[in-house]
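Input: a single structure, listed below in structure tokens.
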Amino acid sequence: MNIKMSGRIAFTIFVSIYLAYGLTLTVFSHSGFPQAMYTNTFMPYLSDKPVGEDGFYMLTVAWNLAAKHKIVYNLNKLTTGIQPLSTFIYAALAWIVQFFNGDKWVFIRLVITFNVVSLLLFAHVLGIIAKTLIPNNKSEKYQAYVLTFTIAIFNFSLFCTFGYGLETGIYLIFIAICLLYTLRFANSRKLSFQQAIV
């Protein structure tokens, strides 16, 4: 078995482990709220992890936006304290859940799934950036991609950032895409990165 084939197998295993973790968290986390500080359960409660307090605020507004077509918080109180990009994206997810008569716990599970996929996309873009930075050596480019991708998907801080429920993860994807296209523009014009930015 050559190095490239074993690298692909390892890469497939890493992606499978990450997706298995994310989907296990999505499917098997407990609905509702814990009744004690220590619950003697292996899986977290959806009300606690990975979505956080500020994330729940935005998810409440997104749920109400999908249901009532107004940007309101609890008790129909108008609000402006949201991050609009993710609120509208989450409102689309909430609308899908509501269309199929799902409840708010199903909505949170869908949001977690969305953020698991978002981190996968971010890791992919980072991998392409790493590959772009390597001179014309196919083997080294592939290794740079796999290493960068793997570090990103197994970085627990990144996982928490994407899963918290705010739009930080979405912005990180956009920033990475802009960086990638700046590098490609620089390479196509044979410019340095600094020249491409200016």
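Once rounded to the nearest 0.5 Å, the distance linking CG of Asn155 with OG1 of Thr150 reads 12.0 Å. Distance check: Asn64 CG to Thr87 OG1 gives 11.0 Å after rounding to the nearest 0.5 Å.
Met58 has its side chain within reach of Leu166: a pair of non-hydrogen atoms, C-beta onward, lies under 4.5 Å apart. At a threshold of 4.5 Å between non-hydrogen side-chain atoms, the residues Val72 and Thr79 do not count as touching. Contact of the Pro50 side chain with the Cys160 side chain is not registered, since no non-hydrogen atoms from C-beta on lie closer than 4.5 Å.
Taken together through direct or relayed side-chain contacts under 4.5 Å among Ile, Leu, Val, Met, Phe, Trp and Tyr, Phe56 and Phe159 form part of one hydrophobic cluster. A continuous path of Ile, Leu, Val, Met, Phe, Trp and Tyr side chains, each step under 4.5 Å between heavy atoms, connects Tyr21 with Leu158, placing both in one hydrophobic cluster. Hydrophobic cluster membership is shared by Val146 and Leu180, with clusters built from Ile, Leu, Val, Met, Phe, Trp and Tyr side chains linked at under 4.5 angstrom. Hydrophobic clustering (side-chain heavy atoms under 4.5 Å, transitive across Ile, Leu, Val, Met, Phe, Trp, Tyr) groups Ile13 together with Phe154.
Among residues two or more places apart in sequence or in another chain, the side-chain hydrogen bond (donor to acceptor under 3.5 Å, both in side chains) test is passed with Lys77 by none. Under the side-chain hydrogen bond (donor to acceptor under 3.5 Å, both in side chains) criterion, Tyr171 pairs with Glu167, not counting sequence neighbours. For Phe88, the ring-ring contact (aromatic ring centres under 6.0 Å, His included) test picks out no residue, with sequence neighbours left out. Every ring-ring contact (aromatic ring centres under 6.0 Å, His included) that Tyr73 has, sequence neighbours left out, goes to Tyr57. Shown here are the ring-ring contact (aromatic ring centres under 6.0 Å, His included) partners of Phe28, two or more places apart in sequence or in another chain: there are none.
Side-chain atoms of Lys141 come within 3.5 Å of backbone atoms of Ile134 as a donor-acceptor pair (strictly under, hydrogens ignored). Not one N or O on the side chain of Gln98 forms a donor-acceptor pair closer than 3.5 Å with the backbone of Asp103.
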For a side-chain hydrogen bond (donor to acceptor under 3.5 Å, both in side chains) check, start with the C-alpha distance between Lys68 and Asn76, then their side-chain angles and the critical distance, and finish with the verdict. CA-CA 9 Å; Lys68 303 171 184 174; Asn76 284 328; 3.0 Å; yes

Decide yes or no on side-chain contact (heavy atoms from CB on, under 4.5 Å) for Thr24 and Met43, but give the supporting numbers first. CA-CA 9 Å; Thr24 299; Met43 295 302 296; 4.1 Å; yes

Worked verdict on Phe149 versus Phe14 for ring-ring contact (aromatic ring centres under 6.0 Å, His included): CA-CA 9 Å; Phe149 181 93; Phe14 292 153; 9.2 Å; no

Show your working on side-chain contact (heavy atoms from CB on, under 4.5 Å) between Ser47 and Trp105 and close with a plain yes or no. CA-CA 9 Å; Ser47 59; Trp105 300 115; 3.9 Å; yes

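Sparse packing is recorded around CZ of Phe174, with 12 or fewer heavy atoms of other residues, nucleotides or ligands lying under 6.0 Å away.
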Under 3.5 Å, which donor-acceptor pairs link side chains of residues 112-130 to any protein atom two or more places apart or in another chain?
| unit_1 | atom_1 | unit_2 | atom_2 | d |
| --- | --- | --- | --- | --- |
| Thr113 | OG1 | Arg109 | O | 3.0 |
| Asn115 | OD1 | Tyr90 | OH | 3.4 |
| Asn115 | ND2 | Tyr90 | OH | 3.4 |
| Asn115 | ND2 | Val111 | O | 3.2 |
| Asn115 | ND2 | Phe162 | O | 3.2 |
| Ser118 | OG | Phe114 | O | 2.9 |
| His124 | ND1 | Tyr145 | OH | 2.6 |

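Minimum interatomic distance between Tyr18 and Ile153 (heavy atoms only, all atoms of both residues): CD1-O, 3.4 Å.
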